[in-house]
Participant: 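The structure that follows is given in the form of structure tokens.
Residue numbers start from 1 in every chain, and the chains themselves are labelled A, B, ... in the order their sequence lines are given, proteins ahead of strands.
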Amino acid sequence: MRKLIVFFFSYIIWSLLAWPFDPATGEVFWLNIFVGLFAAGFVALLFDELFFERHSKVVNPLSYFWFLIYLPVFSYYCLLANIDVMYRAIHPSLPIKPGIVKIRTSLESNSGITALANSITLTPGTLTVDVDMENKLLYVHWINVQSTDIDEATEMIAGRFERILRRIFE
Amino acid sequence: MTVFDFFYLILLACIFLCLYRIGRGPSVPDRIVAVDILGVVIVGFCGVLSIDTGQDFYMIVGISWALVGFIASLALAKHLEGKSFDE
Amino acid sequence: MSETAGLIIVFIGLIFDFFGCFGLVRFPDVFNRVQAATKCVTIGTCFILLGVVVYLGFGAIGIKSLIAMVFIVITTPTAAHAISRAAYLSGVELADQTVVDQYAEDLDDIREKR
């Protein structure tokens, strides 16, 4: 099952990159299709365990629905982050107050924690430095420290993403 | 001077700022970050070039550059951390 | 119409790119530089590639630039994370303005586990 899903996604990416139809004449390049099938099968046989642990979430349409909700929320905070950092870079006196704080996470799966860490890195003034998988702690570099208390910092940095990410990945 | 010449000038300014950090970075991680960011700026350059010329191989160069630059940054970071590449 | 919109989106992306690189030069230590550069340059390059899609439509170039956008959004934060951890563990000093460092308190435990 897992191998099939990896095969499916890698073949879609291959055919988008090397489009096997000639748009002008409608001719089909069979060699292109066969090489793609071979390469996607090879990837699926060798590297399937690198991508995800359980297949129940990948075939579940509800998690795609929550992913579509997540995208605009994420884009909004991403734009805010950029305007904030641009303001700090242009300002003549560099108004920064950096520090490294600890936050807690309640996500369980590897892909969920990866998505949370990447979201934190792309949003206002924060950058994930290290992840402690056993104690579920994230160490976050904050460009403008507002709170050093672990619960308050968790709510301010990760709270807005965790609720949606839990529905996507858990 | 077309609008694309203006775009190339801004991108060249970005590239020279990155090169300044690569040359002057006081520590090794500064230089690695600057090389990584230079790669992403060059992907943007490939996008502007593909609009200007209408050729799709610039985008293929961009995709390859993004992936190879990512692997290079990870390898340099692991090397700096003093670990083997397996972890 | 879509050509003008595409050029405007590309221009917004170029502005973000420029200020990201400006921040890379201006901020005082590695972590602040990673923050500014990663955020602004990632979103700037995404805007440029989105402008390519708006300008040319979903042709051969548009699809490839969408794929490049997904790759960049996934890979750049991961690389920034790896570089910042390597920088901390290899002993780079934090800037003078730093107010708190809770990573240093747990550093012995983390080294022991690895």
Participant: Which of residues 48-55 of chain C have a heavy atom under 4.5 Å from any heavy atom of chain A?
Facilitator: none
Participant: Taking only residues at least two apart or on different chains, which pairs with a member in residues 31-43 of chain A satisfy salt bridge (charged side-chain N to carboxylate O under 4.0 Å, His left out)?
Facilitator: none
Participant: Between C/Ile74 and A/Asn118, what is the shortest heavy-atom contact and its length?
Facilitator: O-ND2, 3.6 Å
Participant: Give the minimum heavy-atom separation between A/Asn82 and C/Cys40, together with the two atoms involved.
Facilitator: OD1-CA, 3.0 Å
Participant: Give me the contact list for residues 16-24 of chain C versus chain A, heavy atoms only, anything under 4.5 Å, ordered by residue number.
Facilitator: C/Phe16, C/Phe19, C/Phe22, C/Gly23
Participant: For C/Thr42, enumerate each residue passing the side chain to side chain donor-acceptor pair (under 3.5 Å) test, keeping only those at least two apart in sequence or located in another chain.
Facilitator: none
Participant: With rounding to the nearest 0.5 Å, note down the distance linking OG in A/Ser15 to CD1 in C/Ile63.
Facilitator: 10.0 Å
Participant: Please determine whether the number of non-hydrogen atoms from other residues, nucleotides or ligands lying under 6.0 Å from atom CZ of A/Phe7 exceeds 12.
Facilitator: yes
Participant: So, do C/Asn32 and A/His141 sit near enough that their side-chain heavy atoms are less than 4.5 Å apart?
Facilitator: yes
Participant: In Å and rounded to the nearest 0.5 Å, what is the CZ to CG distance from C/Phe47 to A/Leu79?
Facilitator: 5.0 Å
